[in-house]
There are 2 protein chains.
Amino acid sequence: MAVRKKSRAAYHHGDLRRAVIDAALVAIERDGIAALSLRELARKLAVSHQAPYRHFADKDALLAAIADEGFRTLVQRLRAGPPLTGDVTRALTESGVAYVRFAVEHPAHYRVMFATGGERRDPLATPGGAYDLLATGVARGQEAGVLPAGPKQELALLCWTVAHGLAMLAIDGKLGPAPAALATARATIALQVRTLAVAATAR
Amino acid sequence: MAVRKKSRAAYHHGDLRRAVIDAALVAIERDGIAALSLRELARKLAVSHQAPYRHFADKDALLAAIADEGFRTLVQRLRAGPPLTGDVTRALTESGVAYVRFAVEHPAHYRVMFATGGERRDPLATPGGAYDLLATGVARGQEAGVLPAGPKQELALLCWTVAHGLAMLAIDGKLGPAPAALATARATIALQVRTLAVAATAR
DNA sequence: ACCTGAACACCGTTCAAGT
DNA sequence: ACCTGAACACCGTTCAAGT
């Protein structure tokens, strides 16, 4: 029994790549990116400290993979919201909430996505990426008269700024514990959308 | 000559504490907080690797000192803006610009101020701190009729969110190179202040 | 696609003993 | 308020040789 157990435990059966990423997310969430240690991950997964190098060239490649995964998931979440064909005000609000919710639910992903050091690309600016979705939303909002006229780019940046700002404040604990933080973020987004709508109809 | 040079170089004459902080800021700006190494700082300053410990209990104490310095400087910069007794719209705009400018000019400070890991306090919430200044500005804005009515706290959080969001995007290079980034931030802040003013007078 | 095991140059931090 | 120097347990990363 002991022998069988040992010989079976010698190899990691399953998706080590996945397991390394998941363990890294847990570690980052607890101790921050700075404290991430590949050797510690390997220890926790009971594989040799060299095994992770089968899947990631180095520590930065692991972080890049996490960032990639984060951007893909974020776009999915944004696409899952209410369609822009209906109530545009609501759609814009829910998009913002979904953005912050993603950050709150995946703080390690979000941190890595916007961390420096790796000089990573900017998948937000990718065609079909999050920024594209935002630009479309802004255009619809202007057509529907719930966003003020003016350069779409400026408005899109303002919206992203609010979402990103709230996301960072939320995962840094500046908006209180997780459930309250999301409610506060929602209220702030709603205030912003309302303000923009009022300004749009004012002239 | 060689002897004299060696014996004089043996000690660090001057403010080692200051020198360590400055060297840390340079290192963080270049390689990020994660890559900061006390031993490397000591080497660069030509002191023993143990000397910095005279001034900082550990690495985290050094980061805490940097964060402290950052919060103090930020408050100074915000206080240096145009007074709230005059053109409130302009004062609010310049406050926001000063906030982002601080981040752009002191990216390492700003990063450390909002970095996790150290579980630091929140000097923003300190009496007389940055958040107090913001709350006062919001109150004046409402009195002057350039900010919409409503809970001051919600408006203050929205303003902080925009400033913090722009600051983070700027130092992460998402707004382009430094000079352009500040201009973009200014335009975004102006758009937000204008929108709020229009919404305030709409009803 | 994993393993063991050795190796290298680096860390943060502590200690002991100096000036 | 600094120094030298040794020490400890840790890192990321590379290599060699296995299954």
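Below, chain A is the first sequence line, B the second, and so on; all start at residue 1.
- In this structure, CZ of A:Arg18 is placed 17 Å from P of C:dA1, rounded to the nearest angstrom.
- As rounded to the nearest Å, C:dA17 and D:dC2 have P atoms that lie 22 Å from one another.
- Across all strands shown, C:dC2 is found opposite D:dG18 as a Watson-Crick or G-U wobble partner, with both distances under 3.5 Å.
- Checked against B:Arg72 for a side chain to side chain contact (heavy atoms under 4.5 Å, CB included), the options B:Val75, B:Leu74, B:Asp68 give a single hit: B:Asp68.
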Open item on the list: Return a single string for nucleotides 5-14 of chain D, one symbol per nucleotide in 5' to 3' order, where B is base contact, S is sugar-phosphate-only contact and - is none, cutoff 4.0 angstrom on heavy atoms.
Closed with: -BB---SBBB

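- Under a cut-off of 6.0 angstrom, the local environment of CD in B:Gln153 is sparse, with at most 12 non-hydrogen atoms contributed by other residues, nucleotides or ligands.
- Between B:Asp31 and B:Leu36 there is no side-chain heavy-atom pair separated by less than 4.5 Å.
- For B:Glu143, the CD atom is densely surrounded, since the number of other residues' heavy atoms within 6.0 Å is greater than 12.
- With rounding to whole Å, B:His55 atom NE2 is found 7 Å from D:dA1 atom C1'.
- Of the nucleotides present, none pairs with D:dA9 by Watson-Crick or G-U wobble criteria with both distances under 3.5 Å.
- With sequence neighbours excluded, no residue forms a salt bridge (charged side-chain N to carboxylate O under 4.0 Å, His left out) with A:Glu154.
- In terms of the salt bridge (charged side-chain N to carboxylate O under 4.0 Å, His left out) criterion, residue partners of B:Asp22 (sequence neighbours excluded) are, by chain and number, B:Arg18.
- Distance noted for atom C1' between D:dC11 and C:dA7: 14 Å (whole Å).
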